[in-house]
Amino acid sequence: MALGLTAAVLYAAGATSQKRLLAHVDALTMTWVGCLAGTVALLPFAPALAADAAAAPPSSTWAVVLLGLGPTAVAFTTWGYALSRLSAGRAAATTYLVPPLVVVLSWLVLAEVPAPVTFAGGALCLAGVAVATLPRRRVAPVPPVPAARA
C-alpha cells in the first residue's frame, strides 16, 4: 500500500511540475528530460539489467528496446503536447479513455469478445471522461437591487 501511495504522490508531483515546465520547453524536450531522469534513477539497477539482458533471448531484448522507443516515447510526447494545451485535470481525465480503447482494439485485432461487465466498465470510464471534461458554466453575479426611497 505504501508503494502505491508513493507512486500516486510522485505521479501527481511529476504531472504538476511537467505542466509548469511545459511553459518553457516543448513536449519532445520534456519527454527527453523525463527519460533521462528515469535513467538516472534506475542506474543502481544497471548491473542486474546487464546480467538479465545477457541471459535473455535477443528477441526479448529487442522487444523491450522497441517498446521503450516506440509506444513509450510516442505516449509521453503526446501527453506532453496535450498537457501544454489543456489543464492538468482535463489532460488527466483523457487517460480514462484508454480502457475502452483497449477493449475495442482487443475485440477487433485479437477477436477477444468482451464480457458484458467489460462494456459496463467502459461506459463508466467514458461517462467519467464526459463529466470531467464538460465546460464549466459560470453563473453571472446578480446585481444588487437598489434600496427603495421613501
Side-chain angles (χ1 to χ4, degrees), residues 1-46 48-141:
M1 185 165 132
L3 286 176
L5 183 60
T6 302
V9 168
L10 289 174
Y11 180 80
T16 304
S17 62
Q18 185 179 13
K19 177 68 177 168
R20 292 177 189 259
L21 291 171
L22 280 167
H24 307 289
V25 297
D26 61 304
L28 188 59
T29 303
M30 182 58 65
T31 301
W32 183 84
V33 169
C35 290
L36 182 63
T39 301
V40 169
L42 295 174
L43 277 177
F45 303 101
L49 171 66
D52 290 344
S59 62
S60 297
T61 302
W62 281 112
V64 170
V65 168
L66 290 175
L67 281 172
L69 293 176
T72 303
V74 169
F76 280 110
T77 303
T78 305
W79 169 256
Y81 179 81
L83 193 58
S84 67
R85 284 157 177 74
L86 299 171
S87 70
R90 283 186 179 246
T94 62
T95 62
Y96 291 114
L97 291 172
V98 172
L101 289 173
V102 168
V103 169
V104 169
L105 282 174
S106 66
W107 193 359
L108 295 175
V109 176
L110 303 174
E112 293 181 0
V113 179
V117 71
T118 306
F119 288 111
L124 186 62
C125 288
L126 292 173
V129 171
V131 168
T133 59
L134 283 174
R136 298 184 192 270
R137 283 195 236 159
R138 297 192 186 261
V139 178

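Here the structure is a predicted model, which is why all the values come from computation and not from measurement.
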Which residues share a side-chain contact (heavy atoms from CB on, under 4.5 Å) with [X], sequence neighbours left out:
{"X": "Leu10", "answer": "Thr6"}
{"X": "Pro116", "answer": "none"}
{"X": "Asp26", "answer": "Leu28, Thr29"}
{"X": "Ala2", "answer": "none"}

(message) Which residue is it: Leu42, Leu43, Leu49? I am looking for the one with a side-chain contact (heavy atoms from CB on, under 4.5 Å) to Phe45.
(response)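 Checked Leu42, Leu43, Leu49 against Phe45; only one passes side-chain contact (heavy atoms from CB on, under 4.5 Å): Leu42.
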
(request) Could you name each residue pair satisfying side-chain hydrogen bond (donor to acceptor under 3.5 Å, both in side chains) that touches residues 73-84, not counting sequence neighbours? (result) Gln18-Trp79, Thr31-Thr77, Tyr81-Arg85

(request) Taking ring pair (Phe, Tyr, Trp, His ring centres under 6.0 Å) as the test, write out the residues that go with Trp107, two or more places apart. (result)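 With neighbours one apart ignored, the set is Phe119.
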
Where do [X] and [Y] come nearest, in terms of heavy atoms and distance?
{"X": "Ala53", "Y": "Thr61", "result": "O-OG1, 3.9 Å"}
{"X": "Gly80", "Y": "Ala27", "result": "C-CB, 3.5 Å"}
{"X": "Thr72", "Y": "Leu67", "result": "OG1-O, 2.9 Å"}

(message) For the CG atom of Leu69 and the SG atom of Cys35, what is their distance to the nearest 0.5 Å?
(response)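 Here the rounded value is 9.0 Å.
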
(message) Nearest 0.5 Å, please: how far is NZ in Lys19 from CG in Leu86?
(response) 7.0 Å

